[in-house]
Amino acid sequence: DLPTLERRLKENGEVLFSLFDDFVNERVKKRMYATLEQKKLNKELMDKYGWSLRVQHDYFVALEKPGFVFLRRMYPERWLFVLWEKTDDPSKLTREWVLEKRRWVGEEYYGGDRILDLDLQVQQVNFNGRYALQFDGIWENPLKIAGGPWRAYAFYDEPELMHLINSDLLEHNLRIVERFCRVCPADFSTFAEDMSYNHGPMLSRALFDEFLAPYYRRVVPALKERGILPMVDSDGDVTELIPWLEEVGVEGLLPLERMAGVDVARIRAEHPRWRMIGAFDKTVMKLGEDAMRAEFERLLPVMRTGGFI
């Protein structure tokens, strides 16, 4: 009956809104990148600044300053900026601090834009797996007789916490290796490190060198001195990642996803002693025996070189 329906809608309003919101966001995301994604620019941002974002086909870098990148597109007019600064004080991440920074950006780079207190909303959200403050409000520019909605996310990175976590994990892994090998010597070991996606590494070389390499250089020798082959398990296109891993003593990778564009023949040519597991295109399995045999034949020349299962 109608009263029950109204009551149920009110009781489950947030859940229902979330379902519709997720659906709309997923549909918008697909449309955003349906034409083209600027993967080269994504990588350039990662290499230069240690962060990246997915850039649509019609955006361009309008301005770069220390701690500031301004991306823009013309039709329709859209502006996106990333502002960051180094600090050891997470308490600075407040509503007032973010609003002051947003006002400064508008005055400095956006021709005198200003933000209004009208209908300003601030909430705590999960932004790609991290705590963040989300701001939604209205901006205006009296000189240009223009205005509209704006949104901002603010969050704090804690490199010291990441090192603390990695140090604890390293000591735990070293203890496990020692205890395990007392009763069951291993032939090889894998690190579950999904560091790549289908367009390459999800972190920059600088971030790898700072947050991962020091810990690999401790645990890999502990494996090798026990006769254990160290390998990494990472999905995605790992081609660019291999030299990074070689420098810290890792000797192999799996599963070498064909659908991500991994070419084991190229890897073997560039890294003759590299160990590999996988590379079989699983999508051919539904096509029958002939297709599966053809896939094995594709891999056979590399298999004959050794070090590849």
Side-chain angles (χ1 to χ4, degrees), residues 43 46-47 49-52 129 157-258 260-280 299 302-309:
K43 185 177 185 304
M46 176 64 78
D47 291 341
Y49 302 117
W51 55 262
S52 182
D157 283 332
E158 299 182 86
E160 296 81 7
L161 177 61
M162 180 60 67
H163 280 298
L164 178 61
I165 293 172
N166 287 349
S167 295
D168 286 348
L169 183 60
L170 167 68
E171 298 303 325
H172 171 75
N173 286 337
L174 290 174
R175 289 193 298 269
I176 292 298
V177 168
E178 181 181 1
R179 292 175 60 184
F180 186 87
C181 288
R182 292 176 192 167
V183 296
C184 184
D187 294 319
F188 76 99
S189 175
T190 61
F191 297 93
E193 294 271 34
D194 280 330
M195 290 185 278
S196 293
Y197 71 128
N198 60 332
H199 301 306
M202 293 186 288
L203 76 168
S204 67
R205 177 63 189 268
L207 289 177
F208 177 86
D209 287 343
E210 179 177 357
F211 293 105
L212 293 176
Y215 307 98
Y216 272 112
R217 290 192 173 100
R218 288 277 311 280
V219 71
V220 166
L223 295 173
K224 288 186 174 182
E225 68 185 22
R226 292 170 172 83
I228 301 174
L229 175 70
M231 301 185 71
V232 164
D233 178 352
S234 176
D235 294 338
D237 185 355
V238 295
T239 308
E240 185 180 346
L241 190 64
I242 292 176
W244 308 0
L245 296 173
E246 284 183 317
E247 290 187 12
V248 296
V250 174
E251 297 184 20
L253 262 169
L254 62 112
L256 306 170
E257 291 185 303
R258 175 66 172 169
V262 176
D263 183 349
V264 290
R266 174 188 168 188
I267 292 175
R268 174 56 73 237
E270 296 178 355
H271 309 276
R273 299 182 61 82
W274 192 248
R275 317 295 179 88
M276 300 181 288
I277 298 176
F280 186 89
L299 298 172
V302 182
M303 295 170 66
R304 288 182 173 135
T305 66
F308 175 34
I309 300 176

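Everything numeric in this text was worked out from a predicted model, so none of it was measured. Throughout, residue positions are numbered sequentially from 1 according to the sequence presented.
For E225 against A222, the heavy-atom pair with the smallest separation is CG-O, 3.4 Å. Looking at every heavy atom in both residues, V262 comes nearest to G236 through CG2-O, 3.5 Å. What you find for G278 and L299 is that their closest heavy atoms are O-CD1, 4.5 Å. When all heavy atoms of S204 and G50 are compared, the pair lying nearest together is OG-CA, 4.0 Å. Residues G249 and K224 come closest through the heavy atom pair O-NZ, 2.9 Å.
For residues 262-274, the pairs satisfying salt bridge (charged side-chain N to carboxylate O under 4.0 Å, His left out) are R266-E270, with sequence neighbours left out. Residues in residues 226-236 take part in no salt bridge (charged side-chain N to carboxylate O under 4.0 Å, His left out) pair, two or more places apart or across chains. Residue pairs that meet the ring pair (Phe, Tyr, Trp, His ring centres under 6.0 Å) test with at least one member in residues 218-252, sequence neighbours left out, are F208-W244.
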Using distance only, find each side-chain donor-acceptor pair of residues 170-189 under 3.5 Å and give its atom names and separation, not counting sequence neighbours.
from : atom 1 : to   : atom 2 : distance (Å)
E171 : OE2    : R218 : NH2    : 3.3
N173 : ND2    : L169 : O      : 3.4

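Shown here are the side chain to side chain contact (heavy atoms under 4.5 Å, CB included) partners of N198, two or more places apart in sequence or in another chain: A260. Looking at residues two or more places apart in sequence or on another chain, you find a salt bridge (Lys or Arg N to Asp or Glu O under 4.0 Å) between R205 and D209, E247. Under the side chain to side chain contact (heavy atoms under 4.5 Å, CB included) criterion, Y49 pairs with L45, W51, E64, V69, W84, sequence neighbours left out. Among residues two or more places apart in sequence or in another chain, the salt bridge (Lys or Arg N to Asp or Glu O under 4.0 Å) test is passed with D194 by none. Every residue meeting the salt bridge (Lys or Arg N to Asp or Glu O under 4.0 Å) condition with D47, not counting sequence neighbours, appears here in chain and number order: K43. A search for side chain to side chain contact (heavy atoms under 4.5 Å, CB included) contacts involving H271 returns I242, P243, E246, I267, W274, not counting sequence neighbours. Every residue two or more places apart in sequence or in another chain that forms a side chain to side chain contact (heavy atoms under 4.5 Å, CB included) with M202 is listed here: Y197. Remark: E257 pairs with no residue by the salt bridge (Lys or Arg N to Asp or Glu O under 4.0 Å) rule, at least two apart or across chains.
Using bins of under 30°, 30° to 60° and over 60° for the plane-to-plane angle, the ring pair H163/Y215 lands in the tilted bin.
Residues L203 and F211 fail the side-chain proximity criterion, which asks for heavy atoms closer than 4.5 Å.
Taking CE of M303 as the reference point, atom CE of M276 lies at 10.5 Å (rounded to 0.5 Å). With rounding to the nearest 0.5 angstrom, the CG atom of D237 is 9.5 Å from the NE2 atom of H199. The CE atom of M195 lies 5.0 Å from the CG atom of L245; values are rounded to the nearest 0.5 Å. Once rounded to the nearest 0.5 Å, the distance linking CE of M46 with CG of L207 reads 6.5 Å.
The only member of V232, L254, L253 that meets side chain to side chain contact (heavy atoms under 4.5 Å, CB included) when paired with V238 is L253.
Annotation for I309: atom CD1 does not count as buried by contact number, only 12 or fewer foreign heavy atoms lying within 6.0 Å.
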